[in-house]
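In what follows, every heavy atom counts, from backbone to side chain, and hydrogens, waters and symmetry copies are set aside. Labels below follow one simple rule: chain letters A, B, ... track the order of the sequence lines, proteins then strands, and each chain is numbered from 1.
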Amino acid sequence: MRRALVQLGYFVRTALRGLRSSPVTSAVSVVTIGVSLVLVGAFALLLWNMEGLLDRFGDSLYVTAYLEEGRPVEDRRALVEIVATVEGVERVRVVSKREALERFQAGVGRGSALLEGLDENPLPASLEITLLPERRSAEGLRVVVESLEGLPGISDLASGQDWVEGYLRAVALVRAVGLGLSVILALATLLIVTNTIRLAVLARRDEIEILTLVGASRTFVAIPFVMEGLVQGAAGGVAAVLLLLGLFRLVLPGFEFGMEFLLGGVTPRFFSVGEIAALVGGGAGLGLFGSAAALTGGWKA
Amino acid sequence: MRRALVQLGYFVRTALRGLRSSPVTSAVSVVTIGVSLVLVGAFALLLWNMEGLLDRFGDSLYVTAYLEEGRPVEDRRALVEIVATVEGVERVRVVSKREALERFQAGVGRGSALLEGLDENPLPASLEITLLPERRSAEGLRVVVESLEGLPGISDLASGQDWVEGYLRAVALVRAVGLGLSVILALATLLIVTNTIRLAVLARRDEIEILTLVGASRTFVAIPFVMEGLVQGAAGGVAAVLLLLGLFRLVLPGFEFGMEFLLGGVTPRFFSVGEIAALVGGGAGLGLFGSAAALTGGWKA
Amino acid sequence: MYHVSKAYAAGSFALRDISLELRRGEFVFLTGPSGAGKTSLLKLLFSAEEPTEGQIVVLGRNIVRLGPAAIPRLRRRIGVVFQDFKLLPRRTVEENVALSLEVVGTPPRVTRAKVFAMLKQLGLQHRRYHHPLSLSGGEQQRVAIARALVNEPEILLADEPTGNLDPDLTLEIMGLIASAATRGTTVVVATHELDLVSRYGKRIVRLDAGCVLDDTPAPGDGA
Amino acid sequence: MYHVSKAYAAGSFALRDISLELRRGEFVFLTGPSGAGKTSLLKLLFSAEEPTEGQIVVLGRNIVRLGPAAIPRLRRRIGVVFQDFKLLPRRTVEENVALSLEVVGTPPRVTRAKVFAMLKQLGLQHRRYHHPLSLSGGEQQRVAIARALVNEPEILLADEPTGNLDPDLTLEIMGLIASAATRGTTVVVATHELDLVSRYGKRIVRLDAGCVLDDTPAPGDGA
Ligand SMILES: Nc1ncnc2c1ncn2[C@@H]1O[C@H](COP(=O)(O)OP(=O)(O)OP(=O)(O)O)[C@@H](O)[C@H]1O
Ligand SMILES: Nc1ncnc2c1ncn2[C@@H]1O[C@H](COP(=O)(O)OP(=O)(O)OP(=O)(O)O)[C@@H](O)[C@H]1O
Ligand SMILES: [Mg+2]
Ligand SMILES: [Mg+2]
């Protein structure tokens with residue numbers, strides 16, 4: 001016990017001394033880890049905010065139920081209530097005949113007097129039925145449409161099947177590309193960081209050799225190095241979070257104009273506390289893993 | 001002259017010897033440069049293909065000119081020809097009354113019998129006027145609309161101003177985010193590469209010190225190192241191109257389904273020969289710059 | 001202390017079919033011209049190199065068969081003064097000497113006291129916080145000697161321990177090494193300085209081109 | 001050859017107010033106990049360190065005022081044997097020796113011939129393609145000497161050039177150095193080996209604690 005404490009003291013002291021006595025090497029490791037995490041973090045932020053964007057698009061994914069003409073208002077209310085309880089439905093909105101006409105005119109073009117000649121509004125009222133996010137798939141859509149099909153008061157259903165499939169494919173594509181790039185980025189980062197630490201260890205191989213000649217066991221040599229890696233990694237993680245925060249604050253206002261259009265009212269979000277902890281922890285893990293790998297791999301070379 | 005040749009021979013021999021005698025360090029530099037370029041390259045490919053995508057969306061950015069009813073067919077032909085010569089117009093397509101009705105019905109929903117009760121098709125024929133890519137801006141649109149406004153035979157113009165502005169903002173956002181990420185990525189890559197080479201130089205600082213003690217000038221010491229950097233960088237560049245090509249070939253088929261929806265008929269493109277040369281040259285430049293920077297910065301430390 | 005040893009390094013023989021036996025507490029000089037194999041022999045004893053052939057028994061263990069975990073344990077019982085010192089350039093003199101105590105887990109307070117005493121004996125206490133690179137050659141050599149002796153090893157291997165020292169210091173340090181031998185430490189000193197060798201009247205092993213030329217026992221010794 | 005030199009290193013004096021003058025072609029031994037300042041003095045001559053105070057004139061140039069471009073040029077005219085050899089571990093013996101010819105731009109063929117001749121003189125031709133780390137201490141020292149001599153320097157500074165060599169080799173190498181002196185090279189040898197110093201009957205400068213203790217001219221010399 002006492003000996004373990006003595007050893008721990010030695011390890012901590014040696015690790016700190018190592019950090020102090022090779023500032024360039026340490027700085028390089030910290031910067032490399034930091035930069036790598038900034039890349040990963042920036043990319044993660046982008047992806048997450050794009051997910052938000054996709055969800056937003058998903059909100060305009062709805063089933064339109066055209067209502068039969070000439071039904072009493074009470075019937076329609078009852079219908080809305082029934083529809084709202086159908087499994088998979090998130091929200092129901094009533095679009096009146098009048099509103100339908102306005103939309104149509106807005107869609108065709110401003111001054112269009114297209115339907116003006118008609119004595120009666122030919123467009124029917126309808127229900128806009130939004131699906132729950134988890135139901136936004138071709139399958140979920142089919143289920144909802146089937147549940148609605150028999151209901152009295154509904155003359156016709158339009159689910160924009162094409163648009164839905166296109167949307168779903170686009171989401172899948174963005175997710176896949178994002179995932180692919182994330183994997184490449186993560187692997188690249190891991191490779192770069194372990195390589196950098198391997199070089200840092202290489203620069204100090206004399207030290208390692210001498211320690212083993214004096215009778216130090218592998219563990220005795222390795223622990224301070226690994227601790228150094230841990231500290232450097234954590235420092236890199238903290239630096240990355242600060243830099244990302246700075247970038248986020250700096251860059252955001254410039255994009256707000258375009259952002260508003262794409263994200264609508266959604267404010268782009270930064271990392272949560274847990275995610276920040278994960279980033280710093282990831283840095284520490286990288287440093288730890290990197291130096292451990294460098295020591296086992298590069299012990300001799 | 002003779003002496004210069006002798007020196008050049010020495011430099012080349014020394015650079016090659018350096019590469020051979022420190023294989024781990026060289027490999028680390030090559031891998032780091034390669035990985036960095038893979039990141040940059042993958043990102044560039046993504047961006048360029050997204051630009052293609054944006055252009056594609058841009059194709060559906062057109063001005064609709066509704067035609068007056070009851071004009072003879074000759075008049076309409078003449079109008080189309082005139083419109084086609086307006087500055088900024090790329091293409092003109094005639095949408096007949098019949099086609100307009102079909103589109104409308106398709107847009108409202110499949111079985112919709114909405115306009116069936118009408119004895120006459122209320123929708124007018126129109127011209128779809130596509131703008132030249134370089135004119136696809138709010139300003140370009142305004143110019144075209146103004147040029148068209150006076151023309152006889154046109155009853156109304158619809159340019160979907162909102163949609164245009166939204167689209168343009170989205171393009172600006174994607175470009176800005178892409179540019180921002182590119183800049184971060186490029187800086188990060190530069191930083192990582194120079195750092196790695198700095199460590200590699202640090203690992204050989206004894207060599208540098210001894211050379212200067214034997215009377216070597218700075219240039220004499222530096223040139224072989226810089227040549228090594230150049231070779232390492234070029235090797236990294238070649239590796240990056242091969243890896244990217246492999247990834248591109250590997251990943252593409254899996255995405256084709258989603259891709260088709262987004263890109264339509266556009267096949268995602270790989271780098272041109274010139275771009276490949278630029279990538280390899282960029283690697284060589286990185287290596288060169290990195291080692292030069294490491295030598296001047298880290299000469300003493 | 002060790003039995004038979006036979007070794008060659010990288011194609012050409014550095015040592016050919018050497019057999020030696022050292023007793024516990026013995027003091028042996030190893031001499032021979034440059035390149036004779038003195039350093040190679042010490043490296044074998046220390047298991048810094050493996051013999052190409054033959055067996056070596058050190059402190060009762062056959063080091064040829066030793067696993068990688070056992071080698072550090074053995075090394076902690078042996079003090080070595082390397083011909084090229086092998087000091088850590090980024091640690092102070094004090095920290096360098098403390099190393100051989102730290103690897104056995106000595107508490108910091110004890111370490112500091114022992115290191116200080118040892119440095120004082122070697123006239124280096126004022127260089128305590130210097131780094132090896134800012135020391136003269138002789139001072140570095142003394143730091144290496146301090147590191148080898150501070151842990152009171154059972155075996156002391158010294159490769160040219162006085163090559164960079166002036167005659168006065170040489171005498172002093174040989175005295176220190178000899179006194180370690182009288183405390184029961186087995187001492188092997190490799191050196192060319194024939195004066196030194198002859199002055200002490202100890203056992204002398206002469207090597208040349210990897211062979212034992214002769215093995216003169218200490219004058220007062222019956223063996 | 002140089003005039004006044006006064007220097008201290010990092011707070012404490014390594015050399016105090018030294019004044020020396022060497023003539024072209026002179027052979028001088030620099031002796032003194034460990035830490036006396038011998039290496040420091042040689043470093044000053046070689047502009048590896050700058051004097052804290054005073055001026056040093058070497059080969060007609062005041063090296064204190066020398067720009068960074070002129071220092072390499074000066075160094076190419078001086079051969080140095082470092083106490084710790086300073087060989088490049090990743091180059092062969094041949095390449096290490098060739099270095100001092102390559103920095104002056106000697107064509108490869110000439111270089112190879114000169115290097116071979118020099119290695120042969122030092123009995124190292126069979127180690128030509130070895131790396132320094134696989135050489136014995138004495139062999140490394142001889143490589144360092146070969147590198148210093150191969151370029152026929154105008155000044156030769158040798159720091160303990162025979163510390164790792166056996167008596168026979170020491171004689172041989174001192175002969176080589178002495179013959180360089182007879183060819184007009186100014187030679188400064190720092191050493192503790194008093195036998196060596198007394199045997200040659202050359203000028204002796206004794207240093208202690210950074211001061212010149214005495215300066216004995218060569219017996220046959222009127223100065
Ligand atoms: N790692 C190695 N690889 C190849 N040859 C080696 C190696 N180490 C030593 N040798 C060779 O073995 C021979 C003996 O070397 P060793 O270092 O044992 O000599 P030494 O007696 O210590 O000489 P010195 O007095 O000069 O230090 C030398 O010729 C040397 O070149
Ligand atoms: N770079 C340095 N920084 C601080 N002190 C130094 C430095 N170099 C040498 N010294 C100190 O200067 C003094 C003289 O050192 P120097 O190397 O000149 O001695 P030396 O005469 O060569 O001794 P030796 O015979 O042991 O090699 C020593 O006490 C040493 O500690
Ligand atoms: Mg030896
Ligand atoms: Mg010295």
Side-chain angles (χ1 to χ4, degrees), chain C residues 9-12 14 31-43 49 82-87 89 122-124 126-127 130-143 159-160 162-170 172-173 190-197 206-208 210, chain D residues 9-12 14 31-43 49 82-87 89 122-124 126-127 130-143 159-160 162-170 172-173 190-197 206-208 210:
Chain C
S12 63
T31 64
S34 174
K38 303 181 292 296
T39 302
S40 302
L41 187 59
L42 295 182
K43 275 188 181 162
E49 299 277 354
F82 297 94
Q83 199 166 3
D84 53 357
F85 316 149
K86 294 208 187 292
L87 302 174
L122 290 161
L124 282 175
H126 59 299
R127 298 273 174 241
H130 283 58
H131 286 261
L133 288 180
S134 73
L135 295 182
S136 80
E139 287 164 345
Q140 289 181 32
Q141 191 154 45
R142 281 179 277 162
V143 176
D159 201 352
E160 309 279 357
T162 58
N164 285 281
L165 298 177
D166 52 280
D168 292 353
L169 262 175
T170 300
E172 225 172 279
I173 285 183
T191 183
H192 326 96
E193 294 183 62
L194 298 179
D195 308 359
L196 195 73
V197 169
R206 284 213 295 149
L207 287 181
D208 196 0
Chain D
S12 62
T31 65
S34 175
K38 302 181 293 297
T39 302
S40 302
L41 187 57
L42 295 182
K43 276 187 181 163
E49 299 277 354
F82 296 94
Q83 199 167 6
D84 54 356
F85 316 149
K86 295 211 186 290
L87 301 174
L122 291 162
L124 282 174
H126 60 297
R127 299 273 175 241
H130 283 58
H131 286 262
L133 287 180
S134 74
L135 295 182
S136 80
E139 287 164 345
Q140 289 181 33
Q141 190 154 45
R142 281 179 278 161
V143 176
D159 201 353
E160 310 278 357
T162 59
N164 285 279
L165 299 177
D166 51 280
D168 293 352
L169 263 175
T170 299
E172 225 171 281
I173 286 185
T191 183
H192 324 97
E193 293 184 61
L194 298 179
D195 309 0
L196 196 71
V197 169
R206 284 213 295 148
L207 287 180
D208 197 0

Checklist line | Which portion of D/Gln83 sits near chain C, non-hydrogen atoms under 4.5 angstrom | finding: side chain
Check: Given C/Asp166, which of C/Thr162, C/Asn164, C/Leu169, C/Thr170 fulfils the side chain to side chain contact (heavy atoms under 4.5 Å, CB included) condition?
Finding: C/Leu169
Next item on the list: Please answer whether the main-chain N or O of D/Arg206 pairs with a side-chain N or O of D/Lys38 as donor and acceptor at a distance below 3.5 Å.
Entry: no
Notebook entry, point to check: Do you know which of C/Ser134, C/Gly35, C/Gly37 has the most heavy-atom pairs with chain D at a distance under 4.5 angstrom?
Noted result: C/Gly35
Check: Under a 4.5 Å heavy-atom cutoff, which of C/Asp159, C/Thr191, C/Leu165 has the most pairs with chain D?
Finding: C/Leu165
Check: Which answer fits C/Glu160, side chain, backbone, both or neither, if we ask what part of it has an atom under 4.5 Å from a heavy atom of chain D?
Finding: side chain
Check: Under the salt bridge (charged side-chain N to carboxylate O under 4.0 Å, His left out) test, which residues partner D/Asp84, sequence neighbours left out?
Finding: D/Lys86
Check: Quick one: what part of C/Asp168 sits under 4.5 Å from any heavy atom of chain D, side chain, backbone, both or neither?
Finding: neither
Notebook entry, point to check: Does some side-chain heavy atom of D/Thr39 sit less than 4.5 Å from a side-chain heavy atom of C/Ser136?
Noted result: no
Check: Considering residues at least two apart in sequence or located in another chain, which fulfil the side-chain contact (heavy atoms from CB on, under 4.5 Å) criterion with C/Gln140?
Finding: C/Phe85, C/Leu87, C/Leu135
Next item on the list: Heavy atoms only, distances under 4.5 angstrom: which of C/Glu193, C/Gln141, C/Arg142 has the most pairs with chain D? Name it, please.
Entry: C/Arg142
